[in-house]
Amino acid sequence: MAHYLDELNDIQRAAVTTTEGPVLVIAGPGSGKTRVLTYRIAHLLEKGVPPWEILALTFTNKAAKEMKERIEKVVGQRAQQVWAGTFHSVFARILRAEASKIGFPSSFSVYDTDDTMSVLRSIIKEKDLDPNAYNASVIRSRISLAKSNLISPLGYREKADMMEEDRAARRPFVVDIYQEYVSRLQRAGAMDFDDLLFQLYRLFRENPEGVVEKYQKRFKYLHVDEFQDTNFLQYAILRRLLKYEGSPENVFAVGDDAQSIYAFRGATIDNILDFEKDYPALKTFKLEQNYRSTHHIVQAANAVISHNRRQLQKTIWTDKTERSKIKLIKCVTDDEESRRVADLILEQKNRFHLPNSEFAILYRTNAQSRKFEEHLRRLNLDYRIYGGLSFYQRKEVKDFIAYLRLTVNPNDEEALRRIINYPTRGISDATVEKIGRSASANGITLWQAINDPRLDITERARKALFTFKSIIEDWQKRANAETAAKLAAEILRRSGLYELLKQDSTQEGLSRLQNVEAVLDAISEFTDQGDPNADLAPDDRSLGAYLQTVSLLTDADEQKGERDQITLMSVHAAKGLEYQSVFITGMEETLFPSFMSFEDPQGLDEERRLFYVAVTRAKRFLSISYAQNRYRFGQIRVCEPSRFLAEVGEDHYEMVGGSSGRLQQPALPQQPRAGISGNFSTGRRNPQPARPVVSGADAANFQAAAPDTIKAGDAVLHLKFGKGKVSSVEGPKDGKVATIRFEGDELPERRIVLKFAKLQVL
DNA sequence: GTTTCGCATCTTTTT
DNA sequence: GATGCGAAAC
């Protein structure tokens, strides 16, 4: 049985067999990261460690599942008892078991992003705040940022920098929204994604009934996959589990700083850097040999990533001898791009006898998938799209799930609001509004307020509410007696949802009906087998358990199916995957890198890491394409090639085609670093002044003005460019561009998009 | 009370 | 191009 160790190289083996104490494995792309992680767990099991003492945390359900399967191949059945799951799902399970200790029902609801947004919108409306200044998605990310850094509403108030940022952005009441948001979720017995971490941390910190010791003792061996993508809060929880008197500190973290692509949601490389400080006994292993990709792909990846400043030193190498170059495809339009990608796939399929499943088309934004679909269909190539709207985010599915949620947890406000009058049953918005006001006035939940005799509503509405409440109550009573599957089927019919969906006989209507029925099937499957990943409470097959599992599933977790399909997905979704032939598309300034990342150099570095991830997905063939014109935001826009293309290095690619089909002179000068200017600059992109002009008191007092208040003739202050005078403002309402002359600037004038710029009127 | 239509708005990545 | 919102029609 020990022969599995022979499948490892020296460094891998050393890492795997270091079973005691803290271990960090820095693993370059294709260096056998998953293999090391799984073999290490297999090795523990072989040494006689009981499976339930082993915890492995990943970021996707898919990764967890794959890990278990691979462990099982080495050690057999026992693998199923290892705790392997995503941070969110493992923590949700612990919380389900311990919720009552921190004032939540064990069948708490999990609010997804949509639910969160809707709560925020209603708070903003109630507080009568300007919805332009208080954009729900901005507020959401502020709150998420706070939670990920363990900042409660009270803590937020004391955080001078965050409060200052809010003030500068003219939304000083964010903290009040945050506070109200937290209390509403508490009242509804609901947690959002961040709460699954935040509340678990709280549970461990407050430690009622010594709950933390229970888990510290239980998890003797901790494993973390994709360590570079953990945030402060996740690391804090890990530390809680590891730090106690006499702890062996058995933790095995695997990651690659160069593949950190989730900084935007709070992930920080600091965790890797702090790891050494927090655990002085740490042993570090570096896996640098790439077993995945051919020469030019590996070298191109190295060349690209060398443009990033902050990174751990390592050089990835391969001994693969095949030397086909990267294809660079220049296209006139986005339509041509997708056509040629589809054509090239067909050509490669025939020439190299590759199945569809060995092809992936990657893009920066999900919206880009549409064009590729068109052309793949034209060539009869079967494909599947990952990401975008997941199955569980579809309206009809969410509606159905909302009924189930309300049955399990009647205080779930979002579920209630969603379906109280859907299908319509004579309860108007005005009535719901009144219930809401009465609820907050009396400090009770919506559910409790529904049949409050004090409500000032018509007799008809009162009756409708009564009927509604009775139905739900009836289901609640039966929730314990009947199987989840049977109850769900009953709910689907009696709610009127089924009837409503059936009336629509269009193609889409039919598929909606099928989707809802698919949920029923999934519930049956769950009741029959339990959650395949269930590790804490494998016997919990209730509707509540199902709902908590389901809310954490994403599109990528769906079964791959039997069909041989080409994969279309965002670069983010491609992390951890590999294909014989990969197409990276839409390599244009403002798209990849995204214009959203332009504000600070860290954003650009993250985009570059993202590109690095994309490049290293390819085993044999890599093709990169860009278009000179692209349909975006409802109109055709002229695009410049991405700056990252110049960083690939001439030696590693060849141009293919041009619209004329003949080989063209590469229009890509090699320009490391400075490459931001030169041919690769967008016409609108301007060189930055050497030093920040604004500092000290000016910066401290800086207050950004609202975009629409700036007009020609204004004297303004910009944080980077200093003082200037606005000579003109033009463009549509939403995309106003100001031409400004800055004092002592190297350029005569700059054109600045007001929406993104931070300008103070002087 | 309910449905439908036109208008405006906002478009990065995700557990 | 999709979604939310308000007004008007049913």
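A, B, ... follow the sequence lines: proteins, then strands. Residue 1 opens every chain. On a predicted model such as this, the values are computed, not experimentally measured, just so you know.
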So, does [X] use its side chain to make a donor-acceptor pair with the main chain of [Y] at under 3.5 Å?
X       : Y       : result
T58(A)  : T60(A)  : yes
E414(A) : T116(A) : no
Q228(A) : A258(A) : no
N409(A) : R405(A) : no
S260(A) : D257(A) : no

> When the nearest nucleotide of DNA chain B is assigned to R140(A) and to S137(A) on a heavy-atom basis, which residue is associated with the more 5' position?
Replying inline: S137(A)

Distances under 3.5 Å only, N/O to N/O: pair up the protein atoms with those of nucleotides 1-3 of chain B.
unit_1 : atom_1 : unit_2  : atom_2 : d
dG1(B) : OP2    : S428(A) : OG     : 3.2
dT2(B) : OP1    : G426(A) : N      : 2.9
dT2(B) : OP2    : N421(A) : ND2    : 3.4

In whole angstrom, what separates [X]'s [atom1] from [N]'s [atom2]?
X       : N       : atom1 : atom2 : result
M587(A) : dT12(B) : CE    : C1'   : 15 Å
L577(A) : dT14(B) : CG    : P     : 13 Å
F595(A) : dC10(B) : CZ    : P     : 12 Å
D114(A) : dT3(C)  : CG    : P     : 10 Å
K62(A)  : dT14(B) : NZ    : P     : 12 Å
Y386(A) : dT13(B) : OH    : C1'   : 18 Å
Q368(A) : dT11(B) : CD    : P     : 16 Å
E433(A) : dC5(C)  : CD    : P     : 13 Å

>> Using the side-chain hydrogen bond (donor to acceptor under 3.5 Å, both in side chains) definition, which of the options R608(A), Q602(A), E606(A) pairs with N308(A)?
In response: R608(A)

>> For F59(A) and F87(A), take the angle between the two ring planes, folded into 0 to 90°, and tell me which bin it lands in: parallel under 30, tilted 30 to 60, perpendicular over 60.
In response: tilted

Is any side-chain nitrogen or oxygen of [X] closer than 4.0 Å to OP1 or OP2 of [N]?
X       : N       : value
N135(A) : dC10(B) : no
S597(A) : dT12(B) : no
R637(A) : dT11(B) : no

> Is the aromatic ring centre of F264(A) closer than 5.5 Å to the centre of the six-membered base ring of dT12(B), with the two planes inclined by less than 30°?
Replying inline: no

